[in-house]
A.B. asks: 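Take this structure first; my questions come after.
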Number of protein chains: 2
Amino acid sequence: MNVFINLNLESSDPIYIQLQQQIIEGIAKKQLLPGDALPSVRSLAADIGINLHTVNKAYQQLKQDGFILIHRQKGVVVHPDGVPQADEVYKQELKAKLRPLVADSICRGMSEAEFSQFSKELFQLFNEEEGEKN
Amino acid sequence: MNVFINLNLESSDPIYIQLQQQIIEGIAKKQLLPGDALPSVRSLAADIGINLHTVNKAYQQLKQDGFILIHRQKGVVVHPDGVPQADEVYKQELKAKLRPLVADSICRGMSEAEFSQFSKELFQLFNEEEGEKN
DNA sequence: TATCTGTTATACTACTTATATAACAGATAG
DNA sequence: CTATCTGTTATATAAGTAGTATAACAGATA
């Protein structure tokens, strides 16, 4: 049940953020399904060669955001009820995150069409591989 | 010639990043045109109540990214030749920044159409106010 | 000469990231 | 019962980032 984790230790993105994103990508690609078990903090930390607390930090944030459930003595699973649907608060935050990307892109002469094409390609990337189990 | 700067000191985004983004937004909205003068590091710092070095850090990065020119003893201006157009490297970085936003949105049941609609709204936001001088 | 530029240097505080150990309480397998 | 597995909590440390505070320098300009 190993999740394929590719960490970039050169990146300025913190390890626990990269870890979060990889798990979220796994859920988006449906390689991780509701109810699926995730490795324990200790085994995952050992597997990818980082500290237990770094994994725990990622898990805590994923739990906070509704991606996973943590049963105190049973382990960690992808949330059986699925991830909470995007509400208005989430959508406002999303727009706030897109905002600087759009402003920058406009300055550099990119069209709205090209920008949206990138989004479209990413949506396809995550949906194409639907259900792959490697 | 004051740039309207709205800082959020509660935000986890560093001040120098917010400052950068506001100036980039000004350029995107064409409120700041090629050749326009920007305040000196000292006067802008005094105006918005922050340290000189924080402003300098934002300016240095804007210079590095081609948004502004800094004439050693003359001051700071929006780059007269315009901002460098998006190249392949830039586009790859943009996609890398969009990637976690898209993965997250998919998990939360957002469609590609809705996601692109947000981008579209932001493009309009920056283009609507074209040339406004308040 | 006084004052404005950007630039550089140093020092300090506070916070974040990541690691290292250690211990605790509940569940479970032998 | 005991050993081992869970997540959790507590400390401590090291390195890096963010932000501030002062000070000084060199070139331009009024």
Side-chain angles (χ1 to χ4, degrees), chain A residues 1-3 5-23 32 35-80 100, chain B residues 1-3 5-23 32 35-80 100:
Chain A
M1 277 316 137
N2 252 348
V3 191
I5 300 290
N6 290 320
L7 294 184
N8 177 8
L9 300 180
E10 317 296 313
S11 169
S12 63
D13 288 340
I15 296 176
Y16 76 95
I17 295 285
Q18 294 184 48
L19 196 45
Q20 263 188 82
Q21 290 176 347
Q22 301 251 352
I23 291 170
L32 289 173
D36 279 0
L38 287 168
S40 74
V41 287
R42 284 181 177 83
S43 68
L44 182 51
D47 267 21
I48 58 185
I50 62 173
N51 191 273
L52 163 166
H53 294 104
T54 307
V55 175
N56 194 52
K57 193 165 184 178
Y59 276 4
Q60 286 303 323
Q61 209 157 317
L62 287 168
K63 169 186 165 193
Q64 176 106 21
D65 294 341
F67 287 98
I68 63 176
L69 269 190
I70 306 183
H71 289 88
R72 168 118 197 178
Q73 279 89 12
K74 297 180 182 173
V76 182
V77 296
V78 178
H79 205 302
Chain B
M1 278 317 138
N2 253 348
V3 191
I5 301 290
N6 291 321
L7 293 184
N8 176 8
L9 300 181
E10 317 295 314
S11 168
S12 62
D13 288 340
I15 297 176
Y16 77 94
I17 296 284
Q18 294 184 47
L19 196 44
Q20 263 187 83
Q21 290 176 347
Q22 301 250 354
I23 291 170
L32 290 173
D36 279 1
L38 287 168
S40 74
V41 288
R42 283 182 179 84
S43 67
L44 182 51
D47 267 21
I48 57 185
I50 62 174
N51 190 273
L52 162 166
H53 293 104
T54 307
V55 175
N56 193 52
K57 193 165 181 178
Y59 276 4
Q60 286 302 324
Q61 209 156 319
L62 287 167
K63 170 185 163 193
Q64 176 107 21
D65 293 341
F67 287 98
I68 63 177
L69 269 189
I70 306 183
H71 290 88
R72 168 119 198 180
Q73 280 89 12
K74 297 180 181 172
V76 182
V77 296
V78 179
H79 204 302

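Because only heavy atoms are used, hydrogens play no part in the values below, and waters and symmetry mates are left out as well, while side chains stay in. Here is how names work: the chains are called A, B, and so on, in the same order as the sequence lines, proteins then strands, and each is numbered from 1. Keep in mind that this is a model prediction, so the values were computed, not measured.
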A.B. asks: Does the side chain of Leu19(A) reach to within under 4.5 Å of the side chain of Val55(A), using non-hydrogen atoms?
C.D. replies: yes

A.B. asks: Can you confirm whether Lys63(B) sits close enough to Gln60(B) that some side-chain heavy atom of one is under 4.5 Å from a side-chain heavy atom of the other?
C.D. replies: yes

A.B. asks: Measure from the side chain of His53(B), starting at C-beta and using heavy atoms only, and say which of dT6(D), dT20(D), dG6(C) lies closest.
C.D. replies: dT20(D)

A.B. asks: Check nucleotides 25-28 of chain C for protein N or O atoms closer than 3.5 Å to its own N or O atoms and list the pairs.
C.D. replies:
| residue | atom | partner | partner atom | Å |
| --- | --- | --- | --- | --- |
| dG26(C) | O4' | Gln73(A) | NE2 | 3.0 |

A.B. asks: Taking atom C1' of dG6(C) as reference, at what distance in whole Å does atom CG of Leu44(B) sit?
C.D. replies: 14 Å

A.B. asks: Nearest 0.5 angstrom please: Ile15(A) CD1 to Asn8(A) CG, how far?
C.D. replies: 10.0 Å

A.B. asks: Where is the tightest heavy-atom contact between Val77(A) and Ala37(A), given as atom of each residue plus distance?
C.D. replies: CG1-CA, 4.1 Å

A.B. asks: Just one of Leu7(B), Ile5(B), Asn6(B) clears the side chain to side chain contact (heavy atoms under 4.5 Å, CB included) bar with Gln18(B), so which one?
C.D. replies: Leu7(B)

A.B. asks: Ignoring backbone atoms, establish whether Thr54(A) has a side-chain N or O less than 4.0 Å from OP1 or OP2 of dA18(C).
C.D. replies: no

A.B. asks: Please write out the pairs of protein N or O atoms and N or O atoms of nucleotides 15-18 of chain D separated by less than 3.5 Å, giving the distance to one decimal.
C.D. replies:
| residue | atom | partner | partner atom | Å |
| --- | --- | --- | --- | --- |
| dA18(D) | OP1 | Tyr16(B) | OH | 3.0 |
| dA18(D) | OP2 | Tyr16(B) | OH | 3.2 |
| dA18(D) | OP2 | Lys57(B) | NZ | 3.0 |

A.B. asks: Under the side-chain hydrogen bond (donor to acceptor under 3.5 Å, both in side chains) test, which residues partner Ser11(A), sequence neighbours left out?
C.D. replies: none

A.B. asks: Name the stems that DNA chain C belongs to, where each is three or more consecutive Watson-Crick or G-U pairs with both distances under 3.5 Å?
C.D. replies: C:1-4 with D:27-30, C:6-24 with D:7-25, C:26-30 with D:1-5

A.B. asks: Just to verify, what does Thr54(B) make a side-chain hydrogen bond (donor to acceptor under 3.5 Å, both in side chains) with, not counting sequence neighbours?
C.D. replies: none

A.B. asks: Between Val41(B) and Val76(B), is there a side-chain heavy-atom distance shorter than 4.5 Å?
C.D. replies: no

A.B. asks: Side chains of Pro39(A) and Tyr59(A): closer than 4.5 Å at any heavy-atom pair?
C.D. replies: yes

A.B. asks: Taking CG from Leu38(B) and P from dG6(C), how many angstroms apart are they, rounded to a whole number?
C.D. replies: 10 Å

A.B. asks: With rounding to the nearest 0.5 Å, note down the distance linking NZ in Lys57(B) to CG in Leu62(B).
C.D. replies: 13.0 Å

A.B. asks: For DNA chain C, find the residues of residues 59-70 of chain A with a heavy-atom distance under 4.0 Å and give them by number; none if there aren't any.
C.D. replies: none

A.B. asks: Taking the side chain as every heavy atom from C-beta outward, state whether Phe67(A) and Ile23(A) have any atom pair closer than 4.5 Å.
C.D. replies: no

A.B. asks: Is Tyr16(B) close to Gln20(B) at the side-chain level, that is, under 4.5 Å between some pair of heavy atoms?
C.D. replies: yes

A.B. asks: Roughly how far, to the nearest 0.5 Å, is the CD1 atom of Ile70(B) from the NE2 atom of His79(B)?
C.D. replies: 11.0 Å

A.B. asks: May I have the distance from His71(B) (atom NE2) to dT29(D) (atom P), rounded to whole angstrom?
C.D. replies: 12 Å

A.B. asks: Would you mind reading off the distance between Asn51(A) atom CG and dT17(C) atom C1', rounded to a whole angstrom?
C.D. replies: 11 Å

A.B. asks: How close or far is atom C1' of dT17(C) from atom CG of Asn56(A), stated in whole angstroms?
C.D. replies: 14 Å

A.B. asks: Is there a side-chain contact between Leu32(B) and Leu38(B), using heavy atoms and a 4.5 Å cut-off?
C.D. replies: yes

A.B. asks: If I take atom CG in residue Leu52(A) and atom P in nucleotide dC5(D), what distance separates them, rounded to the nearest angstrom?
C.D. replies: 14 Å

A.B. asks: May I have the distance from Arg42(A) (atom CZ) to dG7(D) (atom C1'), rounded to whole angstrom?
C.D. replies: 7 Å

A.B. asks: Taking CG from Leu7(A) and P from dT17(C), how many angstroms apart are they, rounded to a whole number?
C.D. replies: 15 Å

